[in-house]
> 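Below is one structure. I have some questions about it.
Chain letters run A, B, ... following the sequence lines, proteins first, then strands; residues in each count from 1.
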Number of protein chains: 2
Amino acid sequence: MADALSAAFAAMADPTRRDMVARLADGDAGVTELAAHYEMSLQAVSKHLRVLEDAGLVSRTREAQRRPVHLEVEVLDLMTGWIERYRRRAEERFARLDAVLDELKQQDAPARTRTRRAGGPR
Amino acid sequence: MADALSAAFAAMADPTRRDMVARLADGDAGVTELAAHYEMSLQAVSKHLRVLEDAGLVSRTREAQRRPVHLEVEVLDLMTGWIERYRRRAEERFARLDAVLDELKQQDAPARTRTRRAGGPR
DNA sequence: CCGGTTATCAACCAGATGGTTGACAAGGTG
DNA sequence: CACCTTGTCAACCATCTGGTTGATAACCGG
């Protein structure tokens, strides 16, 4: 998997793991405590948590024999940061495109002097 | 896969597909045009685009024989929306926790009257 | 009409993923 | 100590994923 973003997105691609993240947002929880909400073995839940941990989305602070799972928000920020970056680029482009279209419309309406074969902009 | 979020996150979990999204943010592009940037067969690129399309991240507006690929930002918003929602919950919780700790510190310092066995708030 | 460009479909393959069961380690509590 | 709770490790299995190659479809230029 290598890069952090791939691991993070992959971790969030599973509904069970997203639900775990949602629950952990409201407070730390033990593995068994989490497992109570899902119809799968404790081992499966443990594996899901390992995936989240490897992605850096979660940490297990060992506290005596309890190993409460804790949500880490930094990687969440990494994801939204990436997405927002390119979302913004796309939107700036749309804005520019609209500007050009407006300009064309204004140039086109008054007079149509340039030789222009069938079908204007496309 | 079923739900939209799972498909979206899964689509973004691949570095090649994220790179495609990044490029498409700067403008629509054809399959071959995109494929030029990757060391893989055209078919593989086509499959990646299909994944993005199935996730709703991309659309193919058929325009004569050209089938330019176009980035759709709505699903990106869906993802950031989900993440930000729970990120906010976690942060509100941290804020509340800090408040409680501050309160405890102030109560604790002057006098320690309540019977309290080892390990206060869990 | 023939050939080139562009893109998809189909079959196949190796490796990752999500689940199972069984065994076991580590920490309190009777 | 014996035991129960909590959690992980290991092996196994079915399915999904990301890539390949080969064949085929759709469209345009000469």
> Looking at A:Arg60, does any N or O in its side chain come under 4.0 Å of the phosphate oxygens OP1/OP2 on D:dT8?
yes

> Taking protein heavy atoms under 4.0 Å as touching, what does nucleotides 15-25 of chain D look like 5' to 3' if B marks base contact, S marks sugar-phosphate-only contact and - marks none?
--SSBBBBB--

> As a quick check of understanding, evaluate side chain to side chain donor-acceptor pair (under 3.5 Å) for B:Asp19 and B:Thr16, giving each step before the final call.
CA-CA 5 Å; B:Asp19 192 73; B:Thr16 302; over 6 Å; no

> List the atom of B:Leu71, the atom of B:Val58, and the distance in Å for their closest heavy-atom pair.
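Closest pair (atom of B:Leu71, atom of B:Val58, distance): CA-CG2, 4.2 Å.
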
> Given atom CZ of A:Arg50 and atom C1' of C:dA16, what is their separation to the nearest angstrom?
15 Å

> How many Å lie between CG on A:Leu34 and P on D:dT8, as a whole number?
11 Å

> I'd like to know if A:Arg23 pairs up with A:Asp28 as an ion pair, taking the criterion as any Lys NZ or Arg NE/NH1/NH2 lying under 4.0 Å from an Asp or Glu carboxylate oxygen.
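Here A:Arg23 does not pair with A:Asp28 in a salt bridge, since their nearest N and O are not under 4.0 Å apart.
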
> State plainly whether the residues B:Glu91 and B:Arg87 are in salt-bridge range, i.e. N to O under 4.0 Å.
yes

> D:dG7, OP1 or OP2 - any side-chain N/O from A:Thr32 closer than 4.0 Å?
yes

> Any ion pair linking B:Asp26 and A:Arg89 (charged N to carboxylate O, less than 4.0 Å)?
yes

> Under 4.0 Å between a Lys/Arg side-chain N and an Asp/Glu carboxylate O for B:Asp54 and B:Arg50?
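Counted as a salt bridge, because a side-chain N and a carboxylate O are separated by less than 4.0 Å.
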
